[in-house]
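Proteins get letters first, then strands, A, B, ... in listed order; numbering begins at 1 in each.
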Amino acid sequence: MVPLSYYLVLSGFLFACGVTGFLIKRNIITIFMSIELMLNGVNLSFVAFAAQWHALSGQVFVFFVMVVAAAEAAVGLAIIIAVYRTRETLNVDQVNLLKL
Amino acid sequence: MLHLILFSVFGLICAAAAVNLLVQSHPINSALSLVVVMGSLAVEYLLLGAEFVAAVQVIVYAGAIMVLFVFVIMLLNAGKDERTKGSRVSLFIGIPGVTIGSVLMAWVLITHSGTRSVEAGALPGDPRQIAQLLFHQFLLPFEVTSILVLIAIMGAVVLAARPEALQPTEEKN
């Protein structure tokens, strides 16, 4: 028997790691991986709450989150390839055409 | 007791890999730590009785999505990440703020959340019941996701294709 709060703390920790990586990393691929980490943290809390309230809808929702994440990864990595082709860099600091 | 031990072991592995993702400077090391995070999360899902979600986690996340990541890292020959200097605001306000906030959050969750515990393996999470729910109650969202995936495939092809490949009439250089 593992209390629900342990799962929530782990989920929150994963999400916090994702946010931190999103903010401190400069490589666009690593930033993208941080987003996946955040999605994983959210998924864990979905499954934990689904187990807590014996509601399977939470697990179905995790399935939808995974579909969206897969679509996002495909499109996002294609965008990264396109950015690399035009800008010749993966550093987000050098992708600054919109900067004033 | 066994469940708590398994949860702790794989939770620690998961957290350590997540921290390792932040610490490593080479993208391929970060990608491999992300695989470890997803694999240990699959074990956590199994402990929660979500067998279908655990299987999909391994197949889709640790398999397909991470292969895509590793492939792009290889394709673009991504090198070491150069660090930029952080601002002072983040050093003096951000880091202590995040630390205090997360410790407070963890304390509240551990001490004040419901006393009920998750019985490992008690929840019916097998594919039959998931499918029952997915193809009855969630049929419309399920069909919408198929359209989403179709659009994502087309978008990925269009975005990643070379510009000259999309215009066959133009002369190739």
Chain A heavy atoms under 4.5 Å from B/Ile73: which part of the residue, side chain, backbone, both or neither?
-> both
Could you verify whether a donor N or O on one side chain and an acceptor N or O on the other, from A/Asn43 and B/Gln57, lie under 3.5 Å apart?
-> no
Side chain to side chain, B/Val53 and A/Met66, heavy atoms closer than 4.5 Å = yes
Taken to the nearest 0.5 Å, the spacing of B/Tyr45 OH from A/Phe46 CZ works out to 10.5 Å
Is B/Val58 reachable from B/Val43 through a run of hydrophobic residues whose side-chain heavy atoms are each under 4.5 Å from the next?
-> no
Closest-packed option against chain B by number of heavy-atom pairs under 4.5 Å, given A/Ala82, A/Ala74, A/Gly21, A/Gly76 | A/Ala74
If you look at every heavy atom in A/Ser57 and B/Leu133, which pair is closest and at what distance?
-> N-CD2, 3.6 Å
With chain A, the option among B/Gly155, B/Ala64, B/Ser102, B/Pro141 that has the most non-hydrogen atom pairs under 4.5 Å is B/Pro141
May I ask you to name which of A/Ile29, A/Val19, A/Val67 has the most heavy-atom pairs under 4.5 Å with chain B?
-> A/Ile29
Please tell me if the side chains of B/Arg162 and A/Arg85 come closer than 4.5 Å, counting only heavy atoms from C-beta onward.
-> yes
Shortest non-hydrogen contact from A/Ala78 to B/Ala156?
-> CB-O, 3.6 Å
Distance (rounded to the nearest 0.5 Å) between B/Leu159 CG and A/Ile81 CD1 | 9.5 Å
Determine the minimum heavy-atom distance between A/Leu37 and B/Ala18, stating which atoms define it.
-> CD2-CB, 4.2 Å
Under 4.5 Å from a heavy atom of chain B, the part of A/Val68 involved | both
B/Leu139 reachable from A/Leu56 in the ILVMFWY side-chain graph, under 4.5 Å edges = yes
At what distance, to the nearest 0.5 angstrom, does CG of A/Asn40 lie from CD of B/Glu44?
-> 11.5 Å
Side chain proximity check, B/Tyr61 to A/Leu39, heavy atoms < 4.5 angstrom | yes
For B/Phe69, is it the side chain, the backbone, both or neither that has a heavy atom under 4.5 Å from a heavy atom of chain A?
-> both
Which region of A/Val62, side chain (C-beta onward) or backbone (N, CA, C, O), has a non-hydrogen atom less than 4.5 Å from a non-hydrogen atom of chain B, or is it both or neither?
-> side chain
Can you measure from CG (B/Leu32) to CE (A/Met33) and round to the nearest 0.5 angstrom?
-> 9.0 Å
Below 4.5 Å from any heavy atom of chain A, which atoms of B/Leu75 appear? Answer side chain, backbone, both or neither.
-> side chain
Does one hydrophobic cluster hold both B/Ile5 and A/Tyr7, with members joined at side-chain heavy-atom distances below 4.5 Å?
-> yes
Contacting region of B/Val37 [heavy-atom separation from chain A under 4.5 Å] | side chain
Begin from the C-alpha positions of A/Phe61 and B/Phe138 and carry the test ring pair (Phe, Tyr, Trp, His ring centres under 6.0 Å) through to its verdict.
-> CA-CA 9 Å; A/Phe61 216 88; B/Phe138 292 97; 7.5 Å; no
If you group Ile, Leu, Val, Met, Phe, Trp and Tyr by side-chain heavy-atom gaps below 4.5 Å, do A/Val92 and A/Leu97 land in one group?
-> no
How many angstroms lie between CG in B/Leu21 and SG in A/Cys17, if you round to the nearest 0.5 Å?
-> 8.0 Å
Partner residues of B/Phe71 under the ring-ring contact (aromatic ring centres under 6.0 Å, His included) criterion, sequence neighbours left out = none
Is the CE atom of A/Met38 crowded by more than 12 outside heavy atoms at less than 6.0 Å?
-> yes
Classify the ring geometry between B/Phe52 and A/Phe63 as parallel (under 30°), tilted (30 to 60°) or perpendicular (over 60°).
-> tilted
Any chance you could measure A/Gln59, atom CD, to B/Leu134, atom CG, to the nearest 0.5 Å?
-> 11.5 Å
Identify the heavy atoms of B/Ile65 and A/Ala73 that sit nearest to each other, and give their distance.
-> CG2-CB, 4.0 Å
Hey, does A/Phe64 have a side-chain heavy atom less than 4.5 Å from the side chain of B/Val144?
-> no
What option among A/Thr20, A/Ile79, A/Leu44, A/Ile80 has the most heavy-atom pairs under 4.5 Å with chain B?
-> A/Leu44
Do B/Ile100 and B/Ile93 share a hydrophobic cluster, counting only Ile, Leu, Val, Met, Phe, Trp and Tyr and linking them when any side-chain heavy atoms are less than 4.5 Å apart?
-> no
Residues of residues 9-16 of chain A contacting chain B, heavy-atom criterion under 4.5 Å, by residue number | A/Val9, A/Leu10, A/Phe13, A/Leu14
Looking at A/Leu23, A/Leu77, A/Val75, which one has more heavy-atom pairs under 4.5 Å with chain B than the rest?
-> A/Leu77
Portion of B/Leu34 that has a non-hydrogen atom of chain A nearer than 4.5 angstrom = side chain
Would a 4.5 Å heavy-atom cut-off, applied to side chains only, mark B/Leu4 and A/Tyr6 as touching?
-> yes
